[in-house]
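Some notes on the structure that comes next.
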Amino acid sequence: MIPLNIIIAIDTKNGIGKDDALPWDLTADLEHFRAITSTTRSPKKKNVVVMGRKTWDSIPQEYRPLPNRMNIILTQNKGLRLPEGVLKADSFDQVLQMANNEKLKNIIETIFVIGGQQVYEWAVKCPECEKLYVTHIHSEFDCDAFFPPFEDIFESIQISEESKEGMMTYHFQEYKRKDGSAS
Ligand SMILES: NC(=O)c1ccc[n+]([C@@H]2O[C@H](COP(=O)([O-])OP(=O)(O)OC[C@H]3O[C@@H](n4cnc5c(N)ncnc54)[C@H](OP(=O)(O)O)[C@@H]3O)[C@@H](O)[C@H]2O)c1
């Protein structure tokens, strides 16, 4: 199976969004996101980014699809029109099947689940999901979308120094699924 990872930025209460947008403006996090999701060990391969339709809608048109990555949008709207090259899936199983099919599995390195709440809720429970890349923002924001609790299922394997941008402090942390944790 192609490895499946999550990348996410959360506040101190696991808040991730408000009114279908990010509650904060943190350039360092966007750069971190681009580097992690774009980088491959093999120059012949690309990564996949999987997102819910609302997260797709929240990306300004000039920045989507996310370049140098295969974009897969989860939606049950069969009529949804997407730019050429952007793939549509109507279930999580279909995402896994698409990425692991004979044609694609040799050119895909890693699948990154990039949000939002509905999609993260599935991915955290998915036994195939191996790693979390978390940007911890050390403030509490007014949020209406949240990341599910994950500390019982994942353990910390790497933590960065604290950094500051404007009024915000944050750090990057990586987690891996605990051995024997199926969900
Ligand atoms: N902090 C972060 O790192 C981060 C990252 C990403 C997003 N966010 C935030 O998260 C919020 C959006 O989260 P959300 O939960 O409202 O929306 P979402 O997960 O982005 O999208 C939900 C939509 O995805 C589709 N979908 C979800 N599960 C599906 C399934 N099993 N099969 C087929 N389609 C499925 C449906 O689309 P249809 O309605 O078209 O059927 C559903 O309405 C926003 O505030 C956004 O800014 C934060």
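All values derive from a computational prediction rather than experimental measurement. Numbering of ligands and ligand atoms starts at 1, following listing order.
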Who's touching ligand 1 if we go heavy atoms under 4.0 Å?
Ile8, Ala9, Ile16, Gly17, Lys18, Asp20, Ala21, Leu22, Trp24, Gly52, Arg53, Lys54, Thr55, Leu74, Thr75, Gln76, Asn77, Asp90, Ser91, Phe92, Ile114, Gly115, Gly116, Gln117, Gln118, Val119, Tyr120, Ala145
Smallest heavy-atom separation, Pro23 atom then Lys18 atom, equals CG-N, 4.1 Å
Please give the remaining members of the hydrophobic cluster of Trp56, linking ILVMFWY side chains under 4.5 Å, ordered by chain and number.
Ile7, Phe33, Ile36, Val49, Met51, Ile59, Tyr63, Leu66, Ile73, Leu80, Leu82, Val86, Phe112, Ile114, Tyr133
Does anything in residues 96-105 form a salt bridge (Lys or Arg N to Asp or Glu O under 4.0 Å)? List the pairs, not counting sequence neighbours.
Glu102-Lys105
Salt bridge (Lys or Arg N to Asp or Glu O under 4.0 Å) with Asp144: which residues, sequence neighbours excluded?
none
Ion pair check, Lys176 and Glu155, cut-off under 4.0 Å:
yes
Could you check whether atom CD of Glu151 has more than 12 heavy atoms from other residues, nucleotides or ligands sitting under 6.0 Å from it?
yes
